[in-house]
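FYI, side chains are in, hydrogens and waters are out, and symmetry mates aren't considered; it's all heavy atoms of this structure. Only a predicted model underlies this, so the values are computations on that prediction, with no experimental measurement involved.
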Amino acid sequence: MEQTLYLVLLLIALCSVSECVQRQYHFINEGKNWTEAQRYCREQYADLATADNMNDTKDINNMKDMNELTKSMKDGGVWIGLQKTSVNKWQWSSGDPALYLNWGSGQPDGTDECGMMFNGQFHDLNCSATRNFICNNMSTGLVFVNQMMKWTDAQSYCRKNHIDLVSVRNQNENQQIQKFINDSHISNEVWIGLFRDSWQWSDQRNSSFRYWRSPQPDNYGGVENCTVVESYLKGQWNDIACSERFPFVCHEDKLILIKENLTWSEALRYCRQNHVDLVSVHSEQMQRRVMNVVKGASTAEVWLGLHNYCIMNMWLWLSGKNMYYQNWAPGNGMTPENCSLEKRKGAVQSGGDQRWVSRPETRKLNFICTNYE
């Protein structure tokens, strides 16, 4: 028993030092227009680069070859996979998909492209209007900022000082934020992280993360439908004509949804034979990447590399990493499992809030493999 506990704790200690990144970027120092760059990336890797959050943006900006090239750049930039389309939709600044939209009566009522909360409901408003706002903070949770700012300035403030403008992804979060507003005696309308645009990633990923340089995108000349990273200007983005020729960044995805219905043990064997392992989810960022992948599943739940160690009644990742981050659905993962009845493994819901659930390992589900060593 003591030896087993020591082994479990040793695995957790060894694997909790750093987190693997889900996506690998490749800088291509060849001048191509956006369409040619897209074709190259799809043939050689997965697609033109997608950025889901600031960590992805930093990974792109910190690429050594790209940095050395762009130090001497005075204009232009490096292509990434964001392109303007004809579909204008509401999204969250954090990159979360806008699946829950609690509009007030008659809202949205015009062409305004930023969102605020008033009396617990969403309203559209011109982005140049000034309002107080609410940020997310990893340590303290919700943070009210009693400064009047335009939406983009509020977004920049939250990203610099906290995480981002707050997302309201479901009714429970809506109620929590409204309670926070009431308890804080906030009477004004407040900016939240809701906005709409017509930009779409080349790989069709549902990420709404944007990192525009103010006052971009401006669609100068009415032809700027593609996006470059301007590394010489803190790696922010600019819209530009797709016919221009620049170097570019491709990405290679490391999560693969397998639409075969296998037991957990069969899925584990498949991933280790054909890829590296079943995926482990150690953070909210990795959970969002799993959420993007799992939407294409043909089963209501999808196996993860999560298993219940019955002797200790502990849930562990196959990677051995700690479980400081947890995303269990209510009634799952927090109570002792009855190991005498059946062995339990962890899966993620492919719909709804996409939370984790405990299931018998003999159930046959789709699963997610990872290619990271």
Counting C-beta onward and ignoring hydrogens, is there a side-chain heavy-atom pair between F27 and I60 closer than 4.5 Å?
no

Side chains of S202 and D47: any donor to acceptor distance under 3.5 Å?
yes

Are side-chain heavy atoms of E266 and K364 found at a separation under 4.5 Å?
yes

Please determine, by modelled atom types, if N219 and E224 share a side-chain donor-acceptor pair under 3.5 angstrom.
no

Residues that W356 engages under ring pair (Phe, Tyr, Trp, His ring centres under 6.0 Å), provided they are two or more places apart
W317, Y325, W328

Distance (rounded to the nearest 0.5 Å) between M323 CE and L316 CG:
8.0 Å

Do T85 and S198 pair up side chain to side chain, a donor and an acceptor below 3.5 Å, judged on atom types alone?
no

Under 3.5 Å, is there a donor on one side chain and an acceptor on the other for H162 and T140?
no

Would you please classify the geometry between the Y157 ring and the F133 ring as parallel, tilted or perpendicular, with 30° and 60° separating the classes?
perpendicular

State, yes or no, whether a side-chain contact exists between K84 and Q200 at a heavy-atom distance under 4.5 Å.
no

Heavy-atom side-chain contact between V78 and F246 under 4.5 Å:
no

With V290 as reference, evaluate V302, L255, L257 under the side-chain contact (heavy atoms from CB on, under 4.5 Å) test and give the passing residue.
L255

Report yes if some heavy atom in the side chain of W34 is under 4.5 Å from a heavy atom in the side chain of V228; otherwise report no.
no

Would you confirm whether D112, through its side chain, and C114, through its main-chain N or O, come within 3.5 Å as a donor-acceptor pair?
no

Answer yes if the ring centres of Y270 and F367 are under 6.0 angstrom apart, and no otherwise.
yes

Exercise: do N174 and N102 side chains pair donor with acceptor under 3.5 Å
yes

E43 with R39: basic N within carboxylate O range, under 4.0 Å:
no

Residues H123 and E189: side-chain donor-acceptor under 3.5 angstrom
no

Can a side-chain donor-acceptor contact be found between S93 and Q155 if the only test is distance below 3.5 angstrom?
yes

Check this for me: K32, atom NZ, are more than 12 non-hydrogen atoms of other residues, nucleotides or ligands nearer than 6.0 Å?
yes

How would you list all residue pairs meeting salt bridge (charged side-chain N to carboxylate O under 4.0 Å, His left out) that involve residues 193-202, not counting sequence neighbours?
D197-R210

Passing option when E301 is tested against R359, Q349, Q354 for side chain to side chain donor-acceptor pair (under 3.5 Å)
R359

Is there a side-chain contact between L165 and I192 (heavy atoms, below 4.5 Å)?
no

Minimum side-chain heavy-atom gap W191-I134 below 4.5 Å
no

If you compare all heavy atoms of S94 against all heavy atoms of D164, which two are closest, and at what distance to 0.1 Å?
CA-OD2, 3.5 Å

Compute whether any side-chain donor of one residue and acceptor of the other, for T50 and D203, lie under 3.5 angstrom apart.
yes

Polar side chain donor-acceptor pair, N366 to S298, under 3.5 angstrom:
yes

For a 4.5 angstrom cut-off between non-hydrogen side-chain atoms, does H275 reach I256?
yes

Between atom OH of Y211 and atom CD of Q236, what is the distance when rounded to the nearest 0.5 Å?
4.5 Å

